[in-house]
Amino acid sequence: MSDKIMFIPVFGIHPLTIVVIVILVLLIAALVALTIYGRKLQKKQEETQKEMQAASQSVSMLVIDKKRMKLKESGLPQLVIDQTPKYMRGQKVPIVKAKVGPRIMPLICDEKVFELVPVKKEIRAIVSGIYIMEVKGLRSNLEARPKKMKFSEKVKSKFSKKDK
């Protein structure tokens with residue numbers, strides 16, 4: 001007996017090609033499964049968005065502070081922290097501390113809206129529970145702050161000005 005393992009070709013196909021075919025079939029099956037799962041998640045997200053739109057209300061508030069911080073450090077009620085999935089508790093979320101009426105409340109802000117929220121100014125916000133969905137300036141228009149330029153972008157802009 002020899003120590004080598006002999007592969008008997010199935011239907012005259014090399015074993016390496018069989019392995020490649022099996023891997024391709026598994027990858028295609030995984031792609032189809034992820035597509036179906038993604039569609040279900042998208043439908044669920046659209047439904048929750050509609051529910052939030054239905055429950056939203058317009059509130060005027062004075063923004064005290066805004067930061068990206070972990071949920072545990074944000075000062076949100078313990079009930080909210082307990083309801084969030086465990087993998088989300090460690091992630092940083094946009095938190096806005098605002099004075100709504102006589103109370104100072106921490107609110108979670110939408111990612112798109114977070115840059116538009118001015119600090120230490122009064123705004124009118126569309127809020128659903130503790131989630132800020134949209135902001136409007138109460139006495140003036142809101143504009144996003146210009147993004148900070150990276151060092152390489154600054155150098156390029158200086159050279160382009162010299163060329164002109």
Ignoring hydrogens and angles, write down the donor-acceptor pairs under 3.5 Å from the side chains of residues 90-107, residues two or more places apart or on other chains.
none

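- Note on L116: it does not cluster hydrophobically with I126, by side-chain heavy-atom contacts below 4.5 Å among ILVMFWY residues.
- The nearest pair of heavy atoms linking Y131 to M52 is CD2-CE, 3.0 Å.
- Taken to the nearest 0.5 Å, the CG atom of L31 stands 10.0 Å off from the CD1 atom of I36.
- Closest non-hydrogen pair, S74 versus M69, comes out as CA-SD, 3.4 Å.
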Kindly determine whether I132 and I108 satisfy side-chain contact (heavy atoms from CB on, under 4.5 Å), including the steps that lead there.
CA-CA 6 Å; I132 300 174; I108 299 174; over 6 Å; no
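- Interatomic distance, SG of C109 versus NZ of K67, reported as 15.5 Å (0.5 Å rounding).
- Cluster membership for M133 and V80, using ILVMFWY side-chain heavy atoms within less than 4.5 angstrom, is shared.
- The closest side-chain heavy-atom distance from I123 to S60 is not below 4.5 Å.
- No donor-acceptor pair under 3.5 Å is formed between the side chain of K70 and the backbone N or O of R89.
- At a threshold of 4.5 Å between non-hydrogen side-chain atoms, the residues V127 and S56 do not count as touching.
- A single hydrophobic cluster is seen to contain both L76 and V63, as judged by linkage of ILVMFWY side chains at heavy-atom distances under 4.5 Å, directly or through other members.
- Residue pairs that meet the side-chain hydrogen bond (donor to acceptor under 3.5 Å, both in side chains) test with at least one member in residues 36-51, sequence neighbours left out, do not exist here.
- V19 belongs to a hydrophobic cluster whose remaining members, ordered by chain and number, are I23, L27; membership requires side-chain heavy atoms of ILVMFWY residues under 4.5 Å apart, directly or through intermediates.
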Between S58 and R124, does the side-chain contact (heavy atoms from CB on, under 4.5 Å) criterion hold? Intermediate values first, please.
CA-CA 7 Å; S58 181; R124 179 158 301 277; 3.3 Å; yes
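- For S160 against S157, the heavy-atom pair with the smallest separation is OG-O, 2.8 Å.
- Here the shortest heavy-atom pairing between V119 and I64 reads CG1-O, 3.5 Å.
- The closest donor-acceptor contact from the side chain of E153 to the backbone of K150 lies under 3.5 Å.
- Of all heavy-atom pairs spanning L71 and I81, the tightest one is O-CD1, 3.5 Å.
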